[in-house]
Each structure stands twice: as structure tokens, then as C-alpha cells.
Amino acid sequence: MVRLRSDCISEMWSLLIVVSSASVCRGLNVNDTFFNSIPPLYALDDWTQCQRPGDVYCTVDAVLKVAEPKSSLLSLLQEYSSQTLKHYNRTQIHRGVCVSRCRREQPADTSWNSVQNCVNQSVLKYGLQAELLSMDWCVSQDAKPVSGSARALAVFCTTLVAIACLATVLHVLAERCVKVDGNKYLMAFSLKRNLDVLIRNRCGPKTQPRLKDVASIEGIRFFGMQCVIFSNVLIFYVYSYTDNPEFIEKLYDQFPWQMIVNSPLWVQAFFSISGFLTAYTVLLSSEKRSLTIFSCLQSVLNRWIRLTPMALFALWFTIAWFPMLGSGPQWAWLVEREAQDCSERWWYHILYIQNFLPSGKFCMGHTWYLAAAMQLHVLGMILLVILMKYRSATALVLMIFMAGPAAATGFVVYWHDLMPIATAYSPELIRTIFAGSEILSLVLLPFWMNLPGYIGGVAVAFLLYHNQTSGNKLARNMSFNVIFHAALFVGLGVTLGGRVFLRTAWPPWAAALYAALDRTLVAVCFNLFLLGCFSRCKSLVRDALEWRGFHALGRLSYCVFLVHFTVLRLTMAENTHVGHISVFSLLSLFITTSVLSYAVSVPLCLLVELPGLQLWNAIASDQTREIPAAETPTRRPDKPCDLVSQVRRRHEYC
Ligand SMILES: *[C@@H]1O[C@H](CO)[C@@H](O)[C@H](O)[C@H]1NC(C)=O
Ligand SMILES: *[C@@H]1O[C@H](CO)[C@@H](O)[C@H](O)[C@H]1NC(C)=O
Ligand SMILES: *[C@@H]1O[C@H](CO)[C@@H](O)[C@H](O)[C@H]1NC(C)=O
């Protein structure tokens, strides 16, 4: 017992030492003196000094050079940069340059040449020279004309708000006196009705009992969204201009952060939820009518219509309004660039195929998830039609779809000599928005590689449905309870396992093996956890996830997912100085982004997402009007429209 304790303590100590000593880079031993002796990776000219008419401010990249061929500093930089998995390419520098200032100080024939001289001069004191690689994303101080699309968006928003106000007033009137009968297309815009939908209790007395079991899904969504926001805050810091990029480089050596680097594995959780909900609703509705190809198409269309209005609105905003909302040295590089890339690619987003586009462009990159989920939904519906016909083959088919992608990942990683996903997020790769990344295009983004999560969710739906219909109480099963409680920890262990690939080179077969298993294992673990939650296993975590407050927050997830990146950039891109990263700044940016995203999402959800959905429901209910008897309106008996008495009564109460 004593030995065990001391073992445990020494384990803890070694863990602490690993964490605290991680700042020493392996291979090349550099200290803070090193970072003071090299030109900073990022620097910005004073923005406020570049505001006169005709001034131009550009973002430039330059490569460091030396006059004599053998320079110890440059070879040190090259060696440091050769650790591509965790270090930036320090032989390049990135500058925000006021071109007019350079033209004054270094007069030359062209702007390019004067900027070239200007940047070159700035690194002479380090014994280096610089050669310009690119000069992009220039902003001039002249007023930009307002684009037609921005005007159109203004008209659209005003109309939307007006319709919503009108609909709300009519709705309130209609409730007080039935004479004003709300047109159901107009009522789709009623804020009151949409607010009710947003904050509806998903476990209320009206809910089907079997849907109450899955209430914890909203809590999972909420926490999942927090993780997404946090990792994007980190990614944002990796590619924006900061004065201590070595903070990021050191993170890749630190124990807790290595898990975050490998966190893309947990996207499987979202795919699982998507697969589960699809399969579960199909199973529940199959009791009333069987699944046909037609209802399958309808489900895909429904999903498209549910997602697209909000996605389109976010795109439109990004293209038309976002660039006009501010200015700053990084504004062009962080915001205008996205507007331009989005105006080239927006229609891929409407078709949900943006995950197949070459990376390196920057148009709402995080929405690759929506594309993959849509493609999985199409595949999943086809699969469900088959499974509903041949129920007995379910286990086998799901097993094949689970193991197939795992084998394919292992094979692709081995064949292309890649590394597991843990290594896909190297600083330089994020800085260039994953330009030319093979791991992303071959392993992470294609929908078929993300099947494990989705199929796991489908399997959970079948198991849960089977248990519910056969009265099998999984929660009473002792061994399942143990598995349920261990599942998330095992999943975290698998995530952490990826850290070994950040440290040393591994033989290709080991990388292939881990790459084959990482997402599959995480998906299996998460789905076991999901099954436990839905089967009402006793757990504090499950109780917390079922908290009533998550119902509305979970409902907002989709809006938050779409807008959080915009909010994140809006809070940071106006900064006129290079940023500074610390744990505290990460946390404060995370909290700001999270709170603001939810705040912005409430009006968006009420004005765009839900009205779109309700409008579609109204249209769809028009087409299936053959059975109107089922929906007798539950309106109160007619009463005279007596506003005066209503008002009087209100006064009496006051
Ligand atoms: C940092 O490293 C350099 C050699 O790379 C060495 O000369 C210097 O003394 C070190 N500084 C500190 C504070 O350790
Ligand atoms: C760093 O950038 C330079 C210039 O673009 C390039 O030649 C070099 O190969 C890069 N280094 C690494 C390790 O990628
Ligand atoms: C940089 O400046 C030095 C000194 O003025 C000059 O000799 C060198 O040719 C310049 N390098 C480039 C790439 O312009």
C-alpha cells in the first residue's frame, strides 16, 4: 500500500516535471536569448501613422538571407524551422508595412522595391538580409464604395425585421381576439412563436417519453460547441500576428496541450449525434409508416432547407458587410481575404461540397463539418432504407461500415507516408490555412473517412430502440455501467496517445496503425457514453447534461457554430498592434467569443433560422393537406375582439 502511494507520488512528480520542463525543445536547445537574437516573426508598422489620404498598408512575407554563405544564425534558424511539426518557418518573416512610409525612407522606382529595401533594412541589425516573397492584401485609406450586395443585404435585413415585427404584433393580437386570424406563412416570422420554440422544454409533458431519454443531447451539444470555440481561438492565435509565437511552439511540447492538438478526433462526437438523431427518428416513425425512397429524399431536402438559410445568411454577411465593419493592419489579411475567398466559393457551400475544395483559401473553413455531415446524411438515409428492409443484417452492415474507413485510413496513411491527425495542425500549416495539406484532404475531410462516428451513432439508435421495445434495462447491467463510466476516459487516453507522434519519428506502420484506430476508438468510446446517457445510467455527468438550461443553448448550437469564427475575428482583427498570447489571453478571448456568439445567435436564430424552418413547415403542411382532420385547431372559443376591455382589465391589475 505504501509502495503504491509512493509510486503514485513519483508518477505525479514526473508528470509535473514533464509539464514544467517542456519548454526546453528537444533536439535543438534554444533559450530565450535565441529569440532575442533573431528578427521577430511578426511585426506591424504603426497603423495610426498610415492614415493620410493615399497611404497604403500591405501585408508582406519575406525570406531571410545572408551575404556570406556560412552564417551560424541562419543555419540555426534553418535547423529550428526544420522541426515542422511544432515550429514556424523562422527563415521567413511577416510584416505589416506602411508602403508610403517606405517610399519616403527608401525611394525606389516601384513600391515593391522600396518595401523590399525597407524590410531588408529592418533586419540588417541582426546580421541578416531579407528578400520579399509576396506583397498581398493591401488596403488604401481611400473610402471604398458600398457594394451592391451590401445594399441588398441591408434591404433584406430591414424587410426581415419589419415582417417579424408585423407578424409578432398580429400574433399577439390574434391571441387576444381570434377575429384577427394569423396567416400561417406570416406567423412563421412571429418572434413570440419562435421564442417559444427556442426555449421549449424538451422534457415537458407533451414530449414523447422516448424523446425525453435523449434530452442529454443538448448538453453534449453545448459542451461540444465550447470545445470547438476553444480550439478555434487557439487556431486563430496561431495564424494571427503575435509578438511571442514561441508560446505556441512550446505548447506543442506540453502535456495538456497535446490533447488539444489532437482534439479534431472528437469531431466524431458531432457526427455521432447526427447519425443517432437521423436513425432514431427513422426508427420511431417507421412504426407508423415505412421508409421509402421518397421519404428519404424528403429527409435530405428537409435537412438542406433547415441548414441553408442560416448558412447563406452567414456567407452573405461575410462577403458583403463584414469587411466594412472595421479596419486595422490585420483587417485585410484576416477579414477582407475571407470576403474575397467566399465570393469565389460561396456556391460550393450551398451545395455542401466545400470539404472537397483544395485548402489554402479561407472561406468559413470550419463549415467543412456541415458538408461532411450532409454527405453522411445522404449516405445514411440510403443505408437506413436498406437496413429497414433487412433488419437482421444490421449488425454486420454497421460493422463493415465501421471497420472499412478505419482500414482505409490506415492504408492511405501508409501509402502516402502521412502521419496521424495529431500532426495535422502544425503552426506553419495553420498559418497558411492548410495549403497543400495532404492529411486534411485525404484523411480528415472526406466524409467516408468520418463514417466511424456517424455509423456509431446509427448503431446507438438501433440498440436504444431495441432495448426500449424489448424492455431491456441496460442501466441495471453492472458491467455496462463500468464501461459507460470508463468510456470517456479511454477516449481521452486515445487522444493523448497521439502525442508520441509529435515527439519522435515513428515507423510508417505505427503511424498507419494509430491513424486507423484513433478516430474509430474515440467514436466507439463516445458512442458507448452516449448509449449510457440515453439508457439512463446513473451518473452525475448525465444529470448535469440534462439540465433544463441546455435546451435553449443546445438549440442555438447551429447558429453559434456558424457565427463564432466571425465574432472571434471581429473581436481581434481591429487590434492595431501585434497580439500577445498567454493562457490568460486565451481564456479571456474564449469567454468573450463564447458569450458574444450566443448573444448574437439569439436574434439570428429568431429572425433567420427558425422563420426559415417554420416557413418550410407551413409550405410542406400545405402539400400534405389530405388529412386536415388530424390537426383541429386548438384555438379558444370565439370571443369578441374587445381591446378596450383588455386594456382596462390590465389597468385594474396594476
Ligand atoms: C542561451 O544559449 C546560448 C547558446 O545558444 C548561451 O551562450 C547563453 O549563455 C544561454 N543563455 C542562458 C540564459 O542560458
Ligand atoms: C521555409 O521557407 C523557405 C522560404 O519560403 C523555404 O525555402 C524553406 O524550405 C522553408 N522551410 C521549411 C522547413 O519548410
Ligand atoms: C539588403 O541590404 C544590404 C545592405 O544595404 C544590401 O547589400 C543587400 O543587397 C540587400 N539585399 C537585398 C536582397 O536587397
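Counting starts at 1 for both ligands and their atoms, following the listed order. Computed over heavy atoms, backbone and side chain alike; hydrogens, waters and symmetry mates excluded.
For the 3.5 Å distance criterion, the side chains of Asp55 and Ser100 qualify, holding a donor opposite an acceptor. For the 3.5 Å distance criterion, the side chains of Gln375 and Asn355 qualify, holding a donor opposite an acceptor.
Taking the six-membered ring where the residue is Trp, the centroids of Tyr239 and Phe362 are separated by under 6.0 Å. For Tyr454 and Phe271, the ring centers sit 6.0 Å or farther from each other.
For the side chain to side chain donor-acceptor pair (under 3.5 Å) test, residues two or more places apart in sequence or in another chain that qualify with Asp109 are Asn113.
Set against the non-hydrogen atoms of Gln116, the atoms of ligand 3 under 4.0 Å away are 12 (C), 13 (C), 14 (O). For ligand 3, the atoms sitting less than 4.0 Å from at least one non-hydrogen atom of Gln121 are 5 (O), numbered in the order shown with element in parentheses. Atoms of ligand 3 found under 4.0 Å from any heavy atom of Ala130 (numbered from 1 in listed order, with element): 13 (C).
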For ligand 2, which of its N or O atoms have a protein N or O partner closer than 3.5 Å, and how long is each gap?
unit_1: ligand 2; atom_1: 2 (O); unit_2: Asn89; atom_2: ND2; d: 2.2
unit_1: ligand 2; atom_1: 2 (O); unit_2: Gln92; atom_2: NE2; d: 3.1
unit_1: ligand 2; atom_1: 5 (O); unit_2: Gln92; atom_2: NE2; d: 2.8
unit_1: ligand 2; atom_1: 11 (N); unit_2: Asn89; atom_2: ND2; d: 2.9

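In terms of polar-atom proximity, Asn117 is not counted as a contact of ligand 3, lacking any N or O under 3.5 Å from an N or O of the ligand.
Sorted by first and then second residue, the salt bridge (Lys or Arg N to Asp or Glu O under 4.0 Å) pairs involving residues 118-135 (not counting sequence neighbours) are Lys65-Glu131. Identified under the disulfide bond (SG atoms under 2.5 Å apart) test for residues 334-373, with sequence neighbours left out: Cys342-Cys363.
Put simply, the side chain of Gln51 gets close to the backbone of Trp47: a donor and an acceptor are under 3.5 Å apart.
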